[in-house]
Every structure is written in structure tokens, then in C-alpha cells.
Protein chains: 2
Amino acid sequence: MNIGEAAAHANLPPKTIRYYEDIALIRPARAANGYRDYSQTDVHRLRFLQRARSLGFTIEECRALLSLYEDEHRASADVRAVATQKIGEVERKIAELQGMKATLKRLVQCCHGDERPDCPILEDLAGGPLPETGATRAPR
Amino acid sequence: MNIGEAAAHANLPPKTIRYYEDIALIRPARAANGYRDYSQTDVHRLRFLQRARSLGFTIEECRALLSLYEDEHRASADVRAVATQKIGEVERKIAELQGMKATLKRLVQCCHGDERPDCPILEDLAGGPLPETGATRAPR
DNA sequence: TGTGAGCCTTCCACTTACTGGAAGGTCAAG
DNA sequence: CTTGACCTTCCAGTAAGTGGAAGGCTCACA
């Protein structure tokens with residue numbers, strides 16, 4: 001099957017599928033005319049990738065999961081460890097975003113939001129929490 | 001003051017501050033020896049940027065906020081609108097991450113996590129939700 | 001006077017995971 | 001025979017920095 005059909009089956013854009021081939025996540029056969037020719041197995045791999053990416057696994061994690069998937073002797077504990085770690089990362093991101101949201105909401109509530117020039121949001125941005133002198137820490 | 005000291009005051013790495021200059025967010029003076037020379041106003045801008053970035057505003061949003069900050073006649077409603085929209089974006093991201101987390105937790109709970117090779121996590125990744133075309137599927 | 005540490009400078013490359021677009025080949029329908 | 005929908009490759013760009021090389025400046029210390 002051509003890339004367009006494979007893309008429809010895998011719910012991925014053709015460009016993304018070609019990119020996955022570039023980075024050696026998949027190696028489709030080629031038809032006589034030079035077109036990529038995807039087997040059912042290829043489509044299966046693509047769907048695996050689509051699903052794993054949508055769950056927040058990075059490309060390299062997907063690569064690892066895929067090789068575990070194709071390893072007949074893997075231990076399910078190995079996969080579980082990857083997923084568990086990912087849950088932790090997702091939780092940290094959620095907490096960070098919730099912190100942002102709380103601060104933004106507070107700022108918006110303080111702001112009268114009219115035509116006057118004085119704005120508590122800008123004042124907070126300008127004068128927000130200070131590091132004590134000397135502490136160099138990169139924000140993330 | 002030199003970039004290192006400005007970095008400490010602003011809680012930003014020197015590299016990032018140079019990058020902000022590259023993209024014209026800040027224009028420090030130069031000392032006779034070619035070193036960048038940051039004024040108190042420059043440091044103030046840098047701290048504004050650090051704070052706004054840490055709240056999730058993009059560089060371009062920071063640029064807009066900064067120009068509002070320096071516009072004596074801006075309306076506070078304009079700033080409020082930017083912040084309110086950002087809250088919406090943050091909320092959408094949180095919801096997405098919570099969806100990921102729920103799915104990952106379900107998968108981890110289903111996985112026995114031992115030395116056996118069968119793993120519900122991989123099975124789900126391989127056979128997860130399908131787009132319309134092709135195989136039968138259960139809706140999420 | 002030299003020297004070494006620790007600053008500072010510029011420039012280039014790399015990161016993630018694609019996405020857009022140009023130039024051109026292939027195929028089926030009308 | 002042409003048109004339009006596919007397909008191919010290659011190049012470039014995105015966001016927001018980060019890492020490192022190669023070299024200049026300053027200051028304390030011997």
C-alpha cells in the first residue's frame with residue numbers, strides 16, 4: 001500500500017511517516033516505481049508509534065518500546081518501568097502548569113481591565129520574586 | 001555591570017541573555033573593552049522576561065508584554081486579554097496531560113510487571129484506538 | 001614581568017519532532 | 001493528451017535555547 005493509505009490507517013501525516021523512516025523507525029519496501037510500499041506489519045508499527053507518541057513518549061522512548069514489543073523474551077516489568085517513569089514526568093508537568101495557571105488567575109483577578117494604564121499584571125511581571133544576589137539558577 | 005552579574009540578578013543564564021539580545025529583546029551598552037554593560041533598567045527588563053517566560057508566555061508574547069509595559073498609555077485591558085488567553089492555553093495543556101496520565105495509569109495497573117513476556121501495555125500500544133479506516137475498533 | 005583563573009567575546013552546530021515548499025516523476029480518468 | 005492527485009527527494013525553518021571551540025581581557029599573585 002502507498003504512503004497515503006498507510007497514513008490514513010495509522011492516523012499520521014505522510015510527512016511524519018517519511019520522517020520516521022529517516023530516523024530508522026520503520027523500513028518499508030519499495031515498489032518498482034520507487035513508491036514506498038507498506039505491509040500490514042508496517043502499518044501495525046506505525047499505529048504503535050502513533051499511539052505511543054500520543055501518550056507522550058518521546059521518539060527515543062518509542063524506539064525502545066518498539067524493540068521491546070518485538071522482543072519475544074522481554075519482561076513486562078521493563079515496559080512497566082518506562083510507563084511508570086513517564087507518569088512521573090507527566091505529573092511534574094501538570095503540577096508546573098497548575099502553578100502557572102494559579103499565578104495567572106490571581107494576576108487577572110487583580111487587574112481592573114479597563115482603559116486605565118496602571119496594570120497589576122505588568123507590575124507583577126516587572127517586580128516578581130527576586131532571587132537573592134548570587135544564586136544563578138536556570139529556569140526550565 | 002557585566003553579563004555574569006546581570007545574569008545573577010535576573011536569574012537567567014548568560015547564554016540566554018545573549019540570545020535575547022540576538023532576537024532584539026534587549027540592547028545593552030558596550031564597555032570600552034567590548035564587554036556588554038547592563039544598566040539597572042536592562043536588569044529590570046531581564047527580570048521581566050524571566051518572570052514572563054516562567055509563567056509560560058512565549059518569546060513573542062514577552063515582546064508584546066514588554067512593549068505594553070513601556071507604553072505609558074496602554075490600557076490594562078490589553079494586558080488582561082493576553083493573560084486570560086494564556087490561562088486558556090495552560091488549561092488545555094493540563095487537560096491533555098491529565099488524559100495521558102489517566103491512560104498511562106490504567107495501563108500500568110493492568111500490567112503484572114514481572115518476568116513474563118506478555119504485557120498489556122505493549123498490547124494496548126499496538127492495538128489502541130483506530131481511525132475509521134480498516135479494522136474494527138472500540139471507541140475510547 | 002609572567003602566569004593562571006575566571007571572566008568575556010563571536011560563531012557554529014545541535015537539540016525535538018516534525019512541517020512547508022519547490023521541483024519533478026507516476027498514474028488513472030476523461 | 002491533459003489534468004489532477006498522488007508520489008519522490010531535498011532544503012529550510014520552527015521554539016528557545018544549549019554546548020563547545022577559539023580566542024581576548026582582567027586581576028591577583030609570585
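Only this structure's heavy atoms are used, side chains among them; waters, hydrogens and symmetry mates stay out. Bear in mind that the values here come from a model prediction, so they are computed numbers and not experimental data.
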Return the value, rounded to whole Å, for the distance between atom [atom1] of [X] and atom [atom2] of [N].
X	N	atom1	atom2	value
A:Met1	C:dC27	CE	C1'	18 Å
A:Leu49	C:dA17	CG	P	12 Å
A:Ile23	C:dT19	CD1	P	12 Å
B:Ile17	C:dT9	CD1	P	10 Å
B:Phe57	D:dA15	CZ	P	17 Å
B:Asn11	D:dG17	CG	P	13 Å
B:Asp22	D:dA15	CG	C1'	14 Å

Across the strands shown, which category fits [X] at heavy-atom distances under 4.0 angstrom: base, sugar-phosphate, nothing?
X	value
B:Arg18	base
B:Tyr20	sugar-phosphate
A:Pro14	nothing
A:Ile3	sugar-phosphate

Of the options D:dC7, D:dG19, D:dA16, whose atoms approach the side-chain atoms of B:Lys15 most closely? D:dG19
Among the nucleotides D:dT18, C:dC18, D:dG20, whichever has the atom closest to the side chain of A:Ile59 is C:dC18
So, does A:Lys101 use its side chain to make a donor-acceptor pair with the main chain of B:Glu91 at under 3.5 Å? no
Would you call the rings of B:Tyr69 and B:His44 parallel, tilted or perpendicular, where under 30° means parallel and over 60° means perpendicular? parallel
Distance (rounded to the nearest 0.5 Å) between A:Ile26 CD1 and A:Asp42 CG: 4.5 Å
Would B:Met1 end up clustered with B:Tyr35 when hydrophobic side chains under 4.5 Å apart are linked, directly or stepwise? no
Apply the test salt bridge (charged side-chain N to carboxylate O under 4.0 Å, His left out) to residues A:Arg18 and A:Glu21: give CA-CA distance (whole Å), side-chain angles for both, the deciding distance (0.1 Å), then the verdict. CA-CA 5 Å; A:Arg18 290 193 198 98; A:Glu21 184 177 343; over 6 Å; no
Would you say D:dA16 has OP1 or OP2 under 4.0 Å from some side-chain N or O of B:Thr16? no
Matching residue for B:Glu89 among B:Gln85, B:Arg92, B:Lys93 - test: side chain to side chain donor-acceptor pair (under 3.5 Å): B:Gln85
What closest approach, in Å, do A:Asp118 and B:Arg74 show between heavy atoms, and which atom pair accounts for it? CA-NH2, 4.1 Å
Sorted by number, residues from residues 25-44 of chain B placing a heavy atom under 4.0 Å from DNA chain C are B:Arg30, B:Gly34, B:Tyr35, B:Arg36
I want to confirm an ordering. Mapping B:Asn2 and A:Pro13 to their closest nucleotides on DNA chain C, which one lands closer to the 5' end? B:Asn2
